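Beneath this line is the structure, given in structure tokens, with notes to follow.
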Amino acid sequence: MSQKTWTAVDDYLNGLIVQPDAALAAAREASRAARLPDIAVSAPQGKLLNLLARSMGARRILEIGTLGGYSAIWLARALPPGGRLITLEYSSRHAEVARANLARAGLAELAEVRVGPGLELLPSLTGPFDFFFIDADKEGYPDYFRACLALARPGSMMVFDNVIREGEVMDSRSHDPAVRAVRRLYDDIAAEPRVSATSIQTVGSKGYDGLCLLLVS
Ligand code: SAH
Ligand code: DHB
Ligand code: MG
């Protein structure tokens, strides 16, 4: 099994059941044209976020790490009329691309991009949020977990991206700052009685990584 197979299978699923549409394709293309890093969630992952948020009837969604707004489009599309997505982005350049992509997708009214370091923006937000997608700097994950928990309600769901790191996450001696931060996140989750969590290892066009899903009680 190789990256080539994983990508080909994602392509197969995208053409059949995931069905990313023209607005999503345009968002990817505009992000590439603006030379943003090619690290948005895959289409199957974006669809998963959309299905999770829809299945719980999320009305208020918070994302940390907007990039070009690709995952934000999947998330905002899960919202009912009157719902709201707030997405936090450190880079004003990324945020501009994201705003244009969200507008092209017809989601400008539902989705708001706020610019600044996530950790500085979070205290200005008023909860509760129903659904959280955390995908910014991995070193910040433990702090984002605390801050998002303070903005959650019983029944809120959080999803963290990039929490397997090609399996390196099990290496307690790793010096990779992202691995160390994700390991701290897992320790904090394990010690927090208000959350119930799992992590799913994934392969696909983005390689071998995974998603952590947790429910707040
Ligand atoms: N969720 C996006 C991908 C996000 S990539 C998608 O799937 O489409 C990570 C993003 O987090 C980058 O745009 C980066 O600029 C941003 N970021 C990095 N550090 C941050 C911070 N401290 N606060 C907010 N955003 C940050
Ligand atoms: C990177 C960040 C991500 O959120 C991701 O999904 C993949 C890669 C990165 O910073 O390299
Ligand atoms: Mg990610």
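Remember, it's a predicted structure, so these values are computed and weren't measured experimentally. Order of listing sets the numbers, starting from 1, for every ligand and every atom in it. Below, all heavy atoms of this structure are taken into account, side chains as well, without hydrogens, waters or symmetry copies.
The main-chain N or O of A40 is found under 3.5 Å from a side-chain atom of K206 such that the two form a donor-acceptor pair. At distances below 3.5 Å, at least one donor-acceptor pair connects side-chain atoms of N14 with backbone N or O atoms of D10. Of the possible donor and acceptor atoms, one in the side chain of R180 sits under 3.5 Å from a partner among the backbone N and O of S174. Of the possible donor and acceptor atoms, none in the side chain of D135 sits under 3.5 Å from a partner among the backbone N and O of D161. With hydrogens and angles ignored, the 3.5 Å screen pairs a side-chain donor or acceptor of D21 with a backbone N or O of L24.
Annotation: atom 25 (N) of ligand 1 to nearest protein heavy atom, Y90 N, 3.1 Å. For atom 11 (O) of ligand 2, the nearest protein heavy atom (residue, atom name, distance) is I39 CG2, 4.1 Å. The nearest heavy-atom contact from the protein to atom 6 (O) of ligand 2 is K206 NZ, 2.5 Å. For atom 10 (C) of ligand 1, the closest non-hydrogen atom on the protein side is E89 OE1, 3.7 Å.
Every atom of ligand 1 is numbered from 1 in the order shown, and the set under 4.0 Å from a heavy atom of P117 is 23 (N). Shown in contact with G118 at under 4.0 Å from a heavy atom are these atoms of ligand 1, numbered in order with element: 21 (C), 22 (N), 23 (N), 24 (C). Contact atoms of ligand 1 toward E63: 1 (N) (distance under 4.0 Å to a heavy atom of the residue). Every atom of ligand 1 with a heavy atom of Y70 under 4.0 Å away is listed here by number and element: 8 (O). With ligand atoms numbered from 1 in the order given, ligand 1 contributes 6 (C), 7 (O), 8 (O) to contacts under 4.0 Å with heavy atoms of A40. Of all the atoms in ligand 1, the ones that sit under 4.0 Å from a non-hydrogen atom of L67 are 2 (C), 3 (C), 4 (C), 5 (S), 13 (O). Against a heavy-atom cut-off of under 4.0 Å, H94 is close to the following atoms of ligand 1: 12 (C), 13 (O), 15 (O).
Taking a 4.0 Å cut-off on heavy atoms, Y144 registers as neighbouring ligand 1. Under a 4.0 Å heavy-atom criterion, Q45 is not in contact with ligand 1.
Of the listed residues (D137, D135, D143), the one carrying the non-hydrogen atom nearest atom 19 (N) of ligand 1 is D137. Nearest residue to atom 8 (O) of ligand 1 from A27, S71, G116 is S71 (criterion: closest heavy atom). In this comparison of N162, I39, L49, L36, the heavy atom closest to atom 5 (S) of ligand 1 sits on I39.
Defined by atom type and a distance below 3.5 Å, a donor-acceptor pair is present between the side-chain atoms of S71 and E63. Of the N and O atoms on the side chains of Y186 and S199, at least one donor lies less than 3.5 Å from an acceptor on the other residue.
Only the backbone of T66 comes within 4.0 Å of ligand 1, judged by heavy-atom distances. Counting heavy atoms closer than 4.0 Å to ligand 2, residue V41 contributes nothing at all. Using a 4.0 Å cut-off between heavy atoms, N162 contacts ligand 2 through its side chain alone, with no backbone atom that close.
Taking a 6.0 Å sphere around CD of E109, one finds it holds 12 or fewer heavy atoms contributed by other residues, nucleotides or ligands.
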Q: Take V18 and S42, measure what side-chain contact (heavy atoms from CB on, under 4.5 Å) needs, and give me the verdict at the end.
A: CA-CA 10 Å; V18 177; S42 68; over 6 Å; no
(Q) What verdict does the side-chain contact (heavy atoms from CB on, under 4.5 Å) test give for F129 and I61, after you've listed the backbone C-alpha separation in whole Å, the side-chain angles of each residue and the deciding distance to 0.1 Å? (A) CA-CA 6 Å; F129 288 87; I61 301 178; 5.7 Å; no
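At a 3.5 angstrom cut-off on N or O pairs, F133 does not count as close to ligand 1. In terms of polar-atom proximity, defined here as any N/O pair under 3.5 Å, V41 does make such a contact with ligand 1.
Cation-pi geometry between R184 and Y141 is not met at under 6.0 angstrom from the ring centre and within 45 degrees of the axis.
When R60, R59, R153 are each tested for a salt bridge (charged side-chain N to carboxylate O under 4.0 Å, His left out) with D130, only one passes: R153.
For the pair OD1 of N162 and OD2 of D161, the angle whose vertex sits at the Mg ion (ligand 3) is 90° to 10 degrees.
Because the distance cut-off is set at 2.8 Å, D135 qualifies as a neighbour of the Mg ion (ligand 3) through one of its N, O or S atoms.
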